[in-house]
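Taking it in order: structure first as structure tokens, then the write-up.
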Amino acid sequence: WIKLVHPYLSLTMTNLKVNNSSAISQLNVDELEGIAQVEFKNGRKYTYFDVAKDAIRELLYESTPETSLGEWVNNNLISTERRYDFGFAS
């Protein structure tokens, strides 16, 4: 089994449906690689690395439609000072 590796592109990325967020336009997460990609309403895109896999699993499997994605991003990406790069893979 061969997995192609790209600095930002993952074959196991999950695109989450974003509803009613004042800050987030798009959120993609990769549970296996511990990666999250965020696009904010202002158009800025970031790829975060070494994201806690437990936090990603909780978001994927235990969240409800009322779960605040902005709060998740703040608590698990921004306030934790994760390593990030600007942009997504094209």
Side-chain angles (χ1 to χ4, degrees):
W1 186 75
I2 297 173
K3 182 175 182 180
L4 301 176
V5 178
H6 183 280
Y8 307 119
L9 183 62
S10 169
L11 300 177
T12 56
M13 191 71 71
T14 300
N15 183 311
L16 296 165
K17 186 173 183 179
V18 177
N19 289 326
N20 303 320
S21 176
S22 61
I24 309 295
S25 294
Q26 182 178 348
L27 178 59
N28 309 314
V29 294
D30 184 331
E31 177 185 358
L32 297 176
E33 300 293 332
I35 296 172
Q37 296 178 324
V38 182
E39 180 177 358
F40 292 94
K41 296 270 182 165
N42 64 10
R44 292 187 179 151
K45 297 178 182 181
Y46 299 87
T47 299
Y48 292 86
F49 303 94
D50 302 318
V51 179
K53 293 177 183 177
D54 288 342
I56 294 174
R57 276 192 290 275
E58 183 178 309
L59 181 65
L60 289 173
Y61 307 117
E62 298 175 21
S63 65
T64 67
E66 293 78 32
T67 298
S68 169
L69 296 181
E71 184 176 344
W72 188 89
V73 167
N74 281 327
N75 292 340
N76 294 285
L77 305 179
I78 297 171
S79 66
T80 59
E81 300 182 12
R82 301 258 177 245
R83 182 174 65 90
Y84 67 87
D85 284 340
F86 295 105
F88 293 176
S90 52

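One is the number of the first residue; the rest follow in order along the sequence.
- Considering Phe88, Tyr84, Phe86 as possible partners of Tyr48, the one that fulfils the ring pair (Phe, Tyr, Trp, His ring centres under 6.0 Å) test is Tyr84.
- Across all their heavy atoms, Ser22 and Lys41 have their closest contact at O-CG, 3.5 Å.
- The distance from the CD atom of Glu62 to the CG atom of Asp54 is 9.5 Å, given to the nearest 0.5 Å.
- Under the 3.5 Å distance criterion, the side-chain polar atoms of Arg57 are left unmatched by any main-chain donor or acceptor of Glu31.
- When only modelled atom types and interatomic distance are considered, Ser79 and Asn74 share no side-chain donor-acceptor pair under 3.5 Å.
- Between Ser63 and Leu59 the shortest heavy-atom distance is OG-O, 2.6 Å.
- Residues Asn76 and Ala55 come closest through the heavy atom pair OD1-CB, 3.2 Å.
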Dump the intermediate steps for side chain to side chain contact (heavy atoms under 4.5 Å, CB included) on Val51 and Val29, then the final yes or no.
CA-CA 9 Å; Val51 179; Val29 294; over 6 Å; no

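- Proximity of Ile78 to Val38: side-chain heavy atoms (C-beta onward) are nowhere separated by under 4.5 Å.
- Remark: Arg44 CZ is loosely packed, at most 12 non-hydrogen atoms of other residues, nucleotides or ligands lying under 6.0 Å away.
- The distance from atom CD of Gln37 to atom CG of Asp30, rounded to the nearest 0.5 Å, is 9.0 Å.
- Here Leu69 contributes atom CG and Lys17 contributes atom NZ; the two are 12.0 Å apart, rounded to the nearest 0.5 Å.
- Rounding to the nearest 0.5 angstrom, the gap separating the CD1 atom in Ile56 from the CD1 atom in Ile35 is 8.5 Å.
- Using a 4.5 Å cut-off on side-chain heavy atoms (C-beta onward), Gln26 and Asn15 make contact.
- Residues Tyr46 and Val73 fail the side-chain proximity criterion, which asks for heavy atoms closer than 4.5 Å.
- In this structure, OG1 in Thr14 is found 10.0 Å from CG in Leu27, a value given to the nearest 0.5 Å.
- Residue Thr47 holds its OG1 atom at 10.0 Å from CZ of Arg83, rounded to the nearest 0.5 Å.
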